[in-house]
Amino acid sequence: MADNKIESVLKEHRVFEPPRQFVEDAAIKPADVEALYSAAEADHEGFWADQARKHLDWHQDFSTTLDDTNAPFFKWFTDGKINVSYNCLDRHLSAKADKTAIIFEADDGNVEHISYADLHARVCRFANALKAQGLAKGDRAVIYLPNVPEATVAMLACARIGAIHSVVFGGFSAPSLRDRIDDAEAKMLITADGNYRGGKLIPLKEVADKALSEGCESIESVVVLKRSGADVEMRDGRDIWWHDVVDGQPADCEPEWVDAEHPLFILYTSGSTGKPKGIQHASAGYLLGAVTTCRWVFDLGDDDVFWCTADVGWITGHTYITYGPTACGATQVMFEGVPTYPEPDRFWKMVDTHQVTIFYTAPTAIRALMKHGDEYPQRHALDSLRVLGTVGEPINPEAWMWYRQVIGKERCPIVDTWWQTETGAHMITPIASYTPTTPGSVTHALPGIEADILDESGERVTDAGAGGVLVIKKPWPYMLRTIWGDPDRYKETYFGMYDAHTYVAGDSAQRDEKGYFRILGRIDDVVNVSGHRLGTMEVESALVAHEAVAEAAVVSRPHDVKGEAIVAFIILKDGEGDEQLASDLRNWVSEQLGAIAKPEEIRFADGLPKTRSGKIMRRLLRTVARGDEVTQDVSTLENPQILDQLQAKGT
Ligand code: 6R9
């Protein structure tokens, strides 16, 4: 099926021009885009310096644009001084104090409008509270909150005082939360008593307590938002309610002016080894990417209502909820719930209610909603929409066409945006008012981004249809700066394959006849389940931590809603596996890592296919998991008889 998918993308030749009316109404015209491309080509650094001065408010201007003397540890706008929360809030107050910044819709349908003046006051109060709790510039605070405005407030409050936040997605388990707190050596945890998603209670404080019960020695205080009203234990001297910490705090807080390179946040993401990587972003460069991409790619303007359906716990929520729309002074929708609750028309109903103009979601959501049938979107007019976006994984042409026809009514350009936690913001994507689009194609790199495809020896791959390694050949302002506490891993992972200026994304890609990029998938041991990155090693380590398991190998197979699903091959310490144990193991992984990592299928075997040097042959397992015929060379296999057994056990 994977091969079919690639083939159907390869045969895809449909091209859709940006609608004429859209271009006429757009803030950014094709001629403006052309000018950006030529400026970037003529002078990469000069281009980014101009953009940084145009889109950001500086407390002190910078004199060096790019310092690459210690490549790949690049620095941008080094001697400039800035505050990110000032750029997201204060600078809008003179003209837009009463403009709605956030339209928040809760899981139960309750709606709250928060103006820029109000958001500013909430951020200042919470920033003052953080300081009063002893959090200072450079300290880390882990945020483990639902997708509610307080998450944005907490992030911006950290930015205001120069503290470094690390948001952990609310679906992550206690051990995952603990690992992240320990790795970041966080001083404070900001969480909630719990919240409702899809009508179900998510017991955040309970999970947090479990995480804190072992390790997490760096944590001095825990701030708890009252959200669900659930009964929770508050530990004396450590836990304190959000409403109590902000009580009496002034609604003004002088921003801490930090160096452009001051770390803004750490966000953990899966890599090819068991330990998640703390991706570290810098203040000014990151914010610049958030602003330019909102303006260029989405054509985000003053009259728009922007809605990114991601959770703030992921990079998409960081850049396209907390930082991008606010830095642009835009109005955005923030949603606590799930697309199918109470009914599968929730998204479409919300688009009409809030008159959403730009809608940004993931292919997995599009595929899931498409399965429910056209009658749900057809209940709603959807006529406020003007741009549709997708992110997180490759989108199959069928889902792309459905999105275009049924949601966009053939009127809205679709921007299929390729980027990563590490890249900070969009990299390869159509520009809504400029780029003719093709289903399943991420089209071309943005101005100031030098994307290319290389073969293993570093030669450019230029032939249409030929695959290779996706690279970015020049540093860009919104790239990650390092892996928190592990600069060697940063260097090795992203710049180890070619040279210190060539960023290796970890994806393979190819070009079509037009020169457009298509993303084929990861080249490392990372799988993409419902748009979320998971390291197969992480899942394997969780499995072998179970008392019954001797060895585990995890691969993925295509899944028509999730994109990819996890299949785990298990060797038991003794005895034979049964359905009960399979179900226990699935739940075990969910407890260890979070529900997104739960294997779709567990297969028990007596051994794993290994090379004579002892390496598990994952390619072979992938073929078996997909139910495909094994055509690979198995002559190097140490234990060929295991293959028949694995295939026979297929369900
Ligand atoms: C933003 C985000 C990054 C990985 C990336 C790639 C996949 C993201 C994609 C896409 C095809 C797109 N990916 N966008 N693949 N088309 N439009 O998702 O960040 O969670 O770090 O994942 O997701 O494989 O390398 P992150």
Side-chain angles (χ1 to χ4, degrees), residues 2 5-6 9 12 167 169 171-172 265-272 276-281 286 289-290 293 297 308-321 323-324 360-367 388-397 399-400 403 414-430 435 437-446 451 467 469-472 478-480 483 493-494 503-510 516-535 556 558 562-564 596-597:
K5 211 164 80 185
I6 291 170
V9 169
E12 184 59 67
V167 184
F169 172 59
F172 275 121
F265 65 82
I266 305 165
L267 182 59
Y268 286 85
T269 189
S270 300
S272 35
K277 303 177 284 197
I279 303 302
Q280 182 182 320
H281 277 285
Y286 168 79
T293 56
V297 176
C308 165
T309 70
D311 187 288
V312 285
W314 306 109
I315 189 67
T316 307
H318 279 57
T319 309
Y320 299 104
I321 297 177
Y323 291 110
Y360 190 33
T361 197
T364 185
I366 299 169
R367 287 191 295 263
L388 299 176
T390 93
V391 57
E393 52 181 316
I395 181 164
N396 47 314
W400 196 100
Y403 202 27
I414 295 181
V415 290
D416 178 357
T417 60
W418 177 86
W419 60 295
Q420 310 173 292
T421 305
E422 293 88 339
T423 70
H426 300 157
M427 299 290 284
I428 307 180
T429 171
T435 312
T437 53
T438 287
S441 165
V442 293
T443 73
H444 52 56
L446 286 172
V469 175
L470 181 61
V471 298
I472 312 295
Y478 45 102
M479 67 192 295
L480 78 165
I483 293 176
T493 307
Y494 303 108
Y503 171 84
V504 177
D507 281 337
S508 61
Q510 62 180 185
Y516 277 5
F517 287 90
R518 292 180 195 285
I519 307 298
L520 300 174
R522 301 286 309 186
I523 50 175
D524 50 15
D525 290 323
V526 171
V527 296
N528 193 327
V529 180
S530 299
H532 301 313
R533 275 165 69 170
L534 285 167
S556 73
K562 299 179 189 172
E564 287 181 80
I596 44 169

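Just so it is clear, the structure is predicted and the values come from calculations on it, not from any experiment. In listed order, ligands and their atoms are each counted from 1.
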For the rings on F172 and Y268, is their centre-to-centre separation under 6.0 Å? no
One finds that the ligand 1 atoms under 4.0 Å from a non-hydrogen atom of D507 are 5 (C), 6 (C), 24 (O), 25 (O)
Note the single closest protein heavy atom to atom 21 (O) of ligand 1, along with its residue, its atom name and the distance in Å. T421 OG1, 2.5 Å
Could you tell me which atoms of ligand 1, counted from 1 in the order shown, lie closer than 4.0 angstrom to a heavy atom of V391? 1 (C)
Check whether any heavy atom of G506 sits under 4.0 Å from an atom of ligand 1. no
Give me the nearest non-hydrogen protein atom to atom 20 (O) of ligand 1 as residue plus atom name, then the distance to 0.1 Å. R533 CD, 3.6 Å
Of the listed options W314, W418, W419, closest to atom 1 (C) of ligand 1 (non-hydrogen atoms): W419
Just going by heavy-atom distances, which of G392, A425, S508 is nearest to atom 23 (O) of ligand 1? G392
Could you find the nearest protein heavy atom to atom 17 (N) of ligand 1 and give me its residue, atom name and distance? D416 OD1, 2.7 Å
In terms of ring plane angle, is the pair W314 and H532 parallel, tilted or perpendicular, where the classes change at 30° and 60°? parallel
What part of T429, side chain, backbone, both or neither, has a heavy atom within less than 4.0 angstrom of ligand 1? neither
I519 heavy atoms within 4.0 Å reach ligand 1 at atoms 11 (C), 15 (N)
Any atoms of ligand 1 less than 4.0 Å from a non-hydrogen atom of I315? List them with their elements. 1 (C), 19 (O)
Any nitrogen or oxygen of R522 lying under 3.5 Å from a nitrogen or oxygen in ligand 1? Just yes or no. yes
Side-chain donor or acceptor of Q510 paired with backbone N/O of L520 under 3.5 Å: no
Nearest-0.5 Å distance, OG1 of residue T364 to NZ of residue K562: 8.5 Å
Test item: side-chain donor near acceptor, T437 and Y516, under 3.5 Å: no
For the 3.5 Å polar cut-off, considering only N or O atoms, please tell me whether A505 and ligand 1 meet it. no
Among protein heavy atoms, which sits nearest to atom 9 (C) of ligand 1, and what does the distance come to when rounded to 0.1 Å? E393 N, 3.5 Å
So, Q420 side chain and A505 main chain: donor-acceptor pair closer than 3.5 Å or not? yes
Closest contact, heavy atoms only, H281 versus L480: CE1-N, 3.6 Å
Quiz question: by atom type and distance under 3.5 Å, do the side chains of Y360 and T417 form a donor-acceptor pair? yes
Should the pair R522-E564 be classified as a salt bridge under the 4.0 Å nitrogen-to-oxygen rule? no
Any atoms of ligand 1 less than 4.0 Å from a non-hydrogen atom of T316? List them with their elements. 1 (C)
Within the 4.0 Å heavy-atom shell around N528, which atoms of ligand 1 are there? 7 (C), 23 (O)
Measure from the ring center of W419 to the ring center of Y320 and say whether it is less than 6.0 Å. yes
